[in-house]
Amino acid sequence: MNPTNNPVPIVVLAGARPNFMKVAPLMEAFAADSDISAVLVHAGQHYDYSLSGQFFSDLNLAAPDFFLGAGSGSHAQQTAEVMKRFEPVLDQVQPAAVVVVGDVNSTLAGALTAAKLGIRVVHAEAGLRSFDRAMPEEINRVATDAISDLLLVSEESGRANLLRENVAAGRICFTGNLMVDSLRRHLQRAMKSDVRERLSMAGERYGLVTLHRPANVDDQSQLARILEALSAISEELPLHWPMHPRTRTRMAQSGLALPEKLFAVEPLGYLDFLCLEANCAAVLTDSGGVQEESTVLGVPCLTLRENTERPATIEHGTNRLAGTRTETILRAWEESRGDRGKKRIPPLWDGNAAARCHQAIREMLGIVQAAELQAR
Ligand code: UD1
Ligand code: UDP
């Protein structure tokens with residue numbers, strides 16, 4: 001029950017592929033709450049059907065109330081475009097809070113726009129730190145957290161990092177991992193996908209690759225070093241690679257050829273990707289979300305990076321930092337052979353993160369249970 005008896009308007013912002021799995025369970029929780037009226041805004045940072053529309057369908061996520069169509073551009077252009085287009089929506093909706101998720105440019109743009117209008121900002125997946133400021137996402141994380149009023153943390157490291165940065169403990173809430181909520185909700189459906197038949201790989205033992213970090217794919221010699229390692233691994237285990245458009249462009253520009261047993265396909269929908277991920281022998285990735293999902297699925301994961309902002313996936317899960325040089329990747333590959341079955345699920349990666357986020361947001365908004373009111 002809220003003090004005015006009118007539903008409190010809030011805005012939830014998503015912009016790019018990894019955001020959709022995080023907002024879907026949140027929107028579901030808000031939909032069941034008559035005290036809150038949640039408006040979904042899609043910034044349009046990702047716009048191809050294979051990076052955007054497909055996920056609304058796969059996640060049973062209703063179409064956004066507003067589509068900003070910000071599109072691609074330099075960091076400044078993209079961030080500014082989201083801000084310019086988001087501000088009038090906030091003026092129109094007059095929300096009591098804006099919820100942003102993850103670490104993409106849309107996340108920071110949404111947080112900045114809201115904070116400057118004096119609207120409270122809630123950041124889900126707060127506190128993650130790679131401690132690598134060369135990563136655009138790290139700047140987005142640090143800056144978003146600095147102006148957020150409520151910081152919803154997905155793993156224990158998030159709380160420790162925020163406390164170290166002198167964020168007041170009362171603003172931090174350890175809610176668990178929204179990505180895992182979506183995984184648990186949709187895994188059964190995903191397992192029914194016929195993606196392996198469609199890709200002519202039914203019955204095959206295979207590995208799954210995703211790569212899109214600028215540090216790995218924008219630099220031609222770096223991309224070549226990774227390809228050399230993948231090529232050697234693919235001799236032993238055929239590799240399937242749903243290729244991100246950034247990477248596809250860089251591959252085409254570089255003129256590098258794919259080895260025979262490294263199969264590139266278009267980016268996959270969520271259910272198809274989850275099916276391949278759950279059934280593969282190993283994943284090789286630089287994705288944040290894939291590190292988390294493979295931990296929950298118990299699938300060995302080699303992270304082709306020098307660091308991770310998700311240490312719980314190493315501490316508890318199946319993740320292993322493989323570095324980005326040919327020899328470090330191949331060494332990690334050798335060492336990873338015993339990783340299957342080494343599986344502990346990090347605390348609060350239990351499928352109920354959205355319920356805890358929802359409750360924390362209600363409390364921030366001053367909405368209390370009817371039973372609680374009667375007891376007063
Ligand atoms: C963005 C995020 C990254 C996240 C990734 C998830 C930032 C700084 N980066 O990286 O954190 O891990 O999304 O996938 O926010 N493009 C298309 N179609 C689209 C969208 C983009 O072809 O629908 C192409 C465009 O050429 C664009 C390029 O991909 O220039 C990069 O897109 P962008 O959103 O800027 O960055 P990502 O690499 O996708
Ligand atoms: N994913 C997908 N299709 C693909 C590759 C990834 O559905 O072809 C999903 C994956 O299951 C995970 C999310 O995309 O839920 C991760 O997003 P991404 O790797 O783009 O971004 P990051 O997590 O690195 O920010």
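In each ligand, atom 1 is the first atom listed, and ligand 1 is the first ligand listed.
Remark: Asp272 engages Arg198 in a salt bridge, criterion side-chain N to carboxylate O under 4.0 Å. Comment: Arg213 engages Glu137 in a salt bridge, judged by a side-chain N to carboxylate O separation of less than 4.0 angstrom. Comment: Glu266 engages Arg248 in a salt bridge, judged by a side-chain N to carboxylate O separation of less than 4.0 angstrom. Under a 4.0 Å N-O distance rule, the pair Lys84/Glu81 qualifies as a salt bridge. For Arg141 and Glu138, the salt-bridge test passes: some basic side-chain N is under 4.0 Å from an acidic carboxylate O. One finds no salt bridge joining Arg159 and Glu156 here, because no Lys/Arg side-chain nitrogen approaches an Asp/Glu carboxylate oxygen to under 4.0 Å. With respect to the salt-bridge test (charged N to carboxylate O, under 4.0 angstrom), the residues Asp286 and Arg305 do not qualify. Between Arg356 and Asp350 there is a salt bridge, with a side-chain nitrogen of the basic residue lying less than 4.0 Å from a carboxylate oxygen of the acidic one.
The option from Arg213, His244, Glu277 that lies nearest to atom 24 (O) of ligand 2, judged by heavy atoms, is Arg213. In this comparison of His212, Met21, Met243, the heavy atom closest to atom 18 (P) of ligand 2 sits on His212. The residue from Val104, Asp48, Asp218, Val82 that puts a heavy atom closest to atom 2 (C) of ligand 1 is Val104. For atom 31 (C) of ligand 1, the nearest non-hydrogen atom from the set His75, Met135, His212, Arg246 belongs to Arg246.
Each of Leu152, Val12, Leu365 was evaluated against Val122; a single residue qualifies, Leu152, per the side chain to side chain contact (heavy atoms under 4.5 Å, CB included) test.
Counting only heavy atoms of the protein, atom 23 (O) of ligand 2 lies nearest to Gly289 N, 2.8 Å. Closest protein heavy atom to atom 7 (O) of ligand 2: Phe55 CE2, 3.1 Å. Closest protein heavy atom to atom 25 (O) of ligand 2: Pro18 CG, 3.4 Å.
At a 4.0 Å heavy-atom cut-off, ligand 2 touches Phe273 through the side chain alone. Under 4.0 Å from ligand 1, not a single heavy atom of Ser106 appears. Only the side chain of Pro242 comes within contact range of ligand 2, with a heavy atom under 4.0 Å; no backbone atom does. Only the side chain of Met179 comes within 4.0 Å of ligand 2, judged by heavy-atom distances. Contacts with ligand 2 closer than 4.0 Å are made by side-chain heavy atoms of Glu293 only, the backbone lying farther away.
Where the criterion is an N or O separation shorter than 3.5 Å, residue side chain and backbone included, Leu268 meets it with respect to ligand 2. The distance criterion of under 3.5 Å between nitrogen or oxygen atoms is met by Arg17 with respect to ligand 2. Any N or O atom pair closer than 3.5 Å counts here, and Asn105 shares at least one such pair with ligand 1. Between Glu137 and ligand 1, at least one N/O pair is under 3.5 Å apart. In terms of N/O distances under 3.5 Å, ligand 2 is approached by Gly288.
Classification of the Phe56-His42 ring pair by plane angle, with boundaries at 30° and 60°, yields parallel.
Residue-ligand proximity, Ser287 to ligand 2, at heavy-atom distances under 4.0 Å covers atoms 16 (C), 18 (P), 19 (O), 22 (P), 23 (O), 24 (O). Near Pro245, meaning under 4.0 Å from any of its heavy atoms, are these atoms of ligand 1: 16 (N), 17 (C), 22 (O), 24 (C).
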